[in-house]
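Below, chain A is the first sequence line, B the second, and so on; all start at residue 1.
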2 protein chains.
Amino acid sequence: MNNLAHDHNNRRMELVLAAASLFRDLGYERTTVRDLGNAVGLQSGSLFYHFRSKEEILVAVMALGITRTTEQLEAALSCADNPRDKLAALFRVHLNSLLGENQAALEVMLYEWRSVSAAARPGLVVLRDRYEALWQTVLDEAAAAGLVGSDTRLLRRTLLGSLHWTVQWFHPEGEMDVDRLADRMLALLLREEPSSTC
Amino acid sequence: MNNLAHDHNNRRMELVLAAASLFRDLGYERTTVRDLGNAVGLQSGSLFYHFRSKEEILVAVMALGITRTTEQLEAALSCADNPRDKLAALFRVHLNSLLGENQAALEVMLYEWRSVSAAARPGLVVLRDRYEALWQTVLDEAAAAGLVGSDTRLLRRTLLGSLHWTVQWFHPEGEMDVDRLADRMLALLLREEPSSTC
DNA sequence: GTCTATATCAAGATAGAC
DNA sequence: GTCTATCTTGATATAGAC
């Protein structure tokens, strides 16, 4: 059983979700085990029955963020049957995972790498590479269809950077919702005027 | 005199530069005042003759990163006389400031916001906004010239996100140098095949 | 301006009762 | 499985000599 991603223990999952929010809001280093305990109604010492260390919680948060997003992207791609719709799925799934309600885990995955020990990194890199491989496939198909240029590896990194950065400025309570943002960013890529709502 | 950005004290500047590298490599929270002292050959206590707190060092690093980059962009733009060259200057200056030799300060500015106290943020926001205003002006001119689409505010955020993210994957020792990267990223935007070297 | 020495505090983690 | 209590460490910052 894949301990990184799947976890059928309710208490553990509850803790991981609470940790995701705290790590996102305060940063991993500034979040204390006492904060984590408070968030789920436990004393700080009790956390260590469920996790060996604070870092193990971080790794669990990150793994959850990236595997969930990957699963959602796979599901969305299987419903799309042309390159244009697949491109749209990339943007929508990624932004909803990053900016949607209670979706802190992916953001932690993106911005807390420095706190992950060398020992824990390879497992997370595998998960991240799997996600990015989906992106690469879709972009290559789009390039073959003439929708985007042929420099798809750089394009992948460029687009993912653009999307990742949205957490720094986008506020869901604003005038624009997440799906609308996805449409507008896709329109920038394709040089279309953004469509009304599809 | 603007204490945030300009500093005519040599010792202070030496410290800020060393701190920039450490904060980038280890992260602000994981860098200790002992690390900072070691880097410049001082005992940790001696730092507090030059700075009131560790956070004051962080703010100085960030202010240096963004003001230097702004100055370099202003200089580059004043040498460019058409929208296309001004666009190219945006990319080149930003990437060289972010990825060039001993250019850690801007990266710290981008990735350590969470460690800046509410009291210190407004001063930095002013500096950042000044930089982004330069970007906005250039993009608006480019849109007027038909080089890019008209959604320039979103485009600005999208492009800056792409550039900021390069620190996560670009390695200057690789086959591609920073100016070449800038050209290729500009080519993506303009949908050109990247030119050889200009 | 830099040193030595240390005050002060909070962090992650553990032990053993329940 | 969770609690209370605490161990141990390492952090920022200060005081006062030089």
Test A/V148 against A/L87 for side chain to side chain contact (heavy atoms under 4.5 Å, CB included), laying out the working first. CA-CA 10 Å; A/V148 300; A/L87 273 182; 4.3 Å; yes
Let me see the working for B/F51 and B/L15 under side chain to side chain contact (heavy atoms under 4.5 Å, CB included), right down to the final yes or no. CA-CA 10 Å; B/F51 294 90; B/L15 238 160; 3.9 Å; yes
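Rounded to whole Å, atom C1' of C/dG12 lies 16 Å from atom CG of A/L22.
Shown here are the ring-ring contact (aromatic ring centres under 6.0 Å, His included) partners of A/H164, two or more places apart in sequence or in another chain: A/H94, B/W165.
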Could you write nucleotides 2-18 of chain D as a row of B, S and -, 5' to 3', where a protein heavy atom under 4.0 Å of any base atom gives B, of only sugar-phosphate atoms gives S, and otherwise -? BBB------BBBB----
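For B/R191, the CZ atom sits in a packed shell: over 12 heavy atoms of surrounding residues, nucleotides or ligands are nearer than 6.0 Å. By the neighbour-count criterion of 12 heavy atoms within 6.0 Å, atom CZ of A/R153 is sparsely surrounded, having that number or fewer from other residues, nucleotides or ligands.
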